[in-house]
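Could you have a look at this structure, given as structure tokens, before my questions?
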Number of protein chains: 2
Amino acid sequence: MTNQGEDILKNSALSVTASRKRILDIFLAADNALAHQDIETKCAEQYDRVTIYRTLQTFLEKGIIHNIPSTDNMVRYALCNEACITSGHHHDNHVHFKCDDCGKTVCLDDVNIPAVNLPKGYTMKEINMVVNGICKSCK
Amino acid sequence: MTNQGEDILKNSALSVTASRKRILDIFLAADNALAHQDIETKCAEQYDRVTIYRTLQTFLEKGIIHNIPSTDNMVRYALCNEACITSGHHHDNHVHFKCDDCGKTVCLDDVNIPAVNLPKGYTMKEINMVVNGICKSCK
DNA sequence: TTAAGAATGCAACTTTGTTGCAAAAGTATT
DNA sequence: AATACTTTTGCAACAAAGTTGCATTCTTAA
């Protein structure tokens with residue numbers, strides 16, 4: 001039986017270390033996006049804060065996770081889905097939802113970001129859509 | 001001749017102080033959204049850092065400015081337009097654009113955020129759309 | 001003009017994020 | 001399985017960002 005986190009690391013040509021596996025496991029177990037702080041809370045006794053910063057950075061660069069903008073100075077991260085990781089070129093085009101009640105941020109994988117027409121002269125490279133409101137668990 | 005910043009403060013039932021007028025002037029003169037840091041750079045010698053934090057907070061609560069989410073831990077602020085301020089109830093529904101070249105973030109007031117259908121059980125309260133790319137000045 | 005309330009500045013502090021470097025762990029090769 | 005090489009980690013020290021309480025100053029409204 002192989003470890004799912006280990007597979008992800010190998011597929012991304014990253015060396016397999018205990019901290020990386022642990023952080024991936026945290027993401028795999030989470031049903032919502034995680035801020036640096038959330039991860040630190042879960043494993044600060046095991047791993048150094050700096051390691052967590054560097055690991056998240058590495059995962060971002062490899063496209064293992066993507067980040068979700070916010071207005072609260074708490075950038076959150078979520079695992080990319082298979083297609084996104086394997087395609088090499090990273091692109092999320094799903095909507096993110098943050099619940100004002102429970103505070104959780106989730107990927108709405110089934111909701112695509114609709115097209116927008118930018119004014120003349122603007123070129124789009126990336127697009128992000130974050131909706132705030134009440135999630136189905138809190139309604 | 002009256003001062004535009006002063007009018008905004010009075011309309012929002014805020015007392016008129018030098019720091020608030022100055023910060024409003026900075027926004028009125030800016031052609032792009034400003035982070036806390038940008039404002040601090042422009043008036044740190046005049047006003048305390050804490051005052052700037054508190055002023056931005058107050059402006060947000062009164063709906064004088066709105067904040068723009070980001071993935072770089074630099075929440076930016078921009079003046080709300082007239083309609084938005086006077087309506088009492090705050091709602092931006094324009095798209096924000098951040099240029100990867102010059103780094104500026106601007107409100108695309110003419111580009112409305114298209115409608116999205118959320119899955120059953122989700123209620124939308126607010127929506128944010130941020131596009132990254134190259135702006136018309138940098139193309 | 002003055003009294004009451006609101007905003008500011010200061011100090012001290014907490015939290016968040018960064019950098020350089022030595023030690024430890026992982027990888028590939030034989 | 002031992003090695004040499006490379007990468008990752010932890011530590012320390014620091015820098016930057018954000019918060020809080022309190023005394024002083026400024027605004028406002030009577």
Side-chain angles (χ1 to χ4, degrees), chain A residues 2-3 5-27 33-62 64-65 67-77 103 105, chain B residues 2-3 5-27 33-62 64-65 67-77 103 105:
Chain A
T2 48
N3 178 292
E6 215 168 304
D7 292 345
I8 295 174
L9 291 171
K10 283 179 182 160
N11 288 337
S12 301
L14 289 174
S15 42
V16 177
T17 68
S19 55
R20 286 178 178 166
K21 279 197 286 186
R22 175 81 181 98
I23 293 175
L24 274 179
D25 282 345
I26 292 172
F27 275 112
L34 301 170
H36 170 92
Q37 206 190 23
D38 299 322
I39 295 165
E40 204 175 312
T41 306
K42 288 182 206 286
C43 65
E45 277 122 40
Q46 300 172 70
Y47 304 108
D48 196 80
R49 228 157 47 84
V50 177
T51 300
I52 301 174
Y53 279 110
R54 291 197 270 227
T55 302
L56 290 174
Q57 192 53 45
T58 304
F59 286 180
L60 264 185
E61 280 160 13
K62 291 290 182 178
I64 297 174
I65 56 177
N67 51 15
I68 303 165
S70 79
T71 52
D72 63 358
N73 278 321
M74 288 262 286
V75 176
R76 290 172 183 79
Y77 305 88
T105 298
Chain B
T2 49
N3 178 291
E6 216 168 303
D7 292 345
I8 294 174
L9 291 171
K10 283 178 182 162
N11 288 336
S12 302
L14 288 174
S15 41
V16 178
T17 68
S19 56
R20 285 178 179 166
K21 278 198 286 186
R22 175 81 181 99
I23 292 176
L24 273 179
D25 282 346
I26 292 173
F27 275 112
L34 302 170
H36 169 92
Q37 206 191 23
D38 298 322
I39 295 166
E40 204 176 313
T41 306
K42 287 183 206 287
C43 65
E45 277 122 40
Q46 299 172 73
Y47 304 108
D48 197 80
R49 229 156 46 83
V50 177
T51 300
I52 301 174
Y53 280 111
R54 291 196 270 225
T55 303
L56 290 174
Q57 192 53 42
T58 303
F59 286 179
L60 264 185
E61 280 160 13
K62 292 290 182 176
I64 296 174
I65 56 177
N67 52 15
I68 303 165
S70 79
T71 51
D72 63 357
N73 278 321
M74 288 264 285
V75 176
R76 290 170 183 81
Y77 305 89
T105 299

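Below, chain A is the first sequence line, B the second, and so on; all start at residue 1.
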Rounded interatomic separation in angstrom, taking CG from B:D38 and P from D:dA17: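 Atom CG in B:D38 sits about 11 Å away from atom P in D:dA17.
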Side-chain contact test, heavy atoms from C-beta onward, threshold under 4.5 Å: evaluate it for B:N67 versus A:D72 and give yes or no.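 Side chain of B:N67 against side chain of A:D72, heavy atoms only: no contact under 4.5 Å found.
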Return the set of residues passing side-chain contact (heavy atoms from CB on, under 4.5 Å) with B:T105 (not counting sequence neighbours), or none when no residue passes.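 For B:T105 the side-chain contact (heavy atoms from CB on, under 4.5 Å) partners, ignoring immediate neighbours, are B:A33, B:I68, B:R76, B:K98.
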Taking five pairs at each end of the helix from C:dT1-D:dA30 to C:dT30-D:dA1, what angle separates the two helix axes (nearest 10°)? 40°
So side-chain hydrogen bond (donor to acceptor under 3.5 Å, both in side chains) across residues 33-44 of chain A, not counting sequence neighbours, yields A:H36-A:E40
In whole angstrom, give the distance that lies between atom CG of A:L9 and atom P of D:dT7.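 Whole-Å distance recorded here is 16 Å.
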Give B:Q57 one of three labels, base, sugar-phosphate or nothing, depending on what nucleic acid heavy atoms sit under 4.0 Å from its own. nothing
For atom CZ of A:F59 and atom P of D:dT8, their distance in whole Å: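 To the nearest whole Å, that distance equals 11 Å.
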Got a list of side-chain donor-acceptor pairs under 3.5 Å for residues 43-55 of chain A, not counting sequence neighbours?
unit_1, atom_1, unit_2, atom_2, d
A:D48, OD2, A:V50, N, 2.9
A:T55, OG1, A:T51, O, 2.7

Heavy-atom distance under 4.5 Å between the side chains of B:I65 and B:L34, does that happen here?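 No; the side chains remain at least 4.5 Å from each other.
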Not counting sequence neighbours, list each pair that qualifies as a salt bridge (Lys or Arg N to Asp or Glu O under 4.0 Å) and has a residue in residues 9-27 of chain A.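 For residues 9-27 of chain A, and leaving out neighbouring residues, the salt bridge (Lys or Arg N to Asp or Glu O under 4.0 Å) pairs sorted by first residue read A:E6-A:K10, A:E6-A:K21.
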Distance check needed: C:dA25 C1' versus A:K21 NZ, whole Å only.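 So the NZ-C1' distance, A:K21 to C:dA25, works out to 12 Å.
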Whole angstrom is fine here: how far is it from CD in B:Q46 over to P in C:dG9?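 The distance from CD of B:Q46 to P of C:dG9 comes to 10 Å, rounded to the nearest Å.
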Across the strands shown, which category fits A:S19 at heavy-atom distances under 4.0 angstrom: base, sugar-phosphate, nothing? sugar-phosphate
Tabulated below should be each protein N or O lying under 3.5 Å from an N or O of nucleotides 26-30 of chain D; please produce it.
unit_1, atom_1, unit_2, atom_2, d
D:dT28, OP1, B:V16, N, 2.8

Side chains of B:I8 and B:F27 in contact at under 4.5 Å (non-hydrogen atoms):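 Not touching, per the 4.5 Å side-chain cut-off.
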Within the sub-3.5 Å range, which N or O atoms of nucleotides 15-21 of chain C have a protein N or O partner, and how far apart are they?
unit_1, atom_1, unit_2, atom_2, d
C:dT16, OP1, A:Q37, NE2, 3.0
C:dG17, OP1, B:N73, ND2, 3.0
C:dG17, OP2, A:Y53, OH, 2.9
C:dG17, O5', A:Y53, OH, 3.4
C:dG17, N7, A:R49, NH1, 3.0
C:dG17, N7, A:R49, NH2, 3.2
C:dG17, O6, A:R49, NH2, 3.0

Integer-rounded Å distance: C:dA6 C1' and B:R20 CZ: 8 Å
For the pair made of CG in A:D48 and P in D:dC14, what is the distance, rounded to whole Å?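 Rounded to whole Å, this separation is 17 Å.
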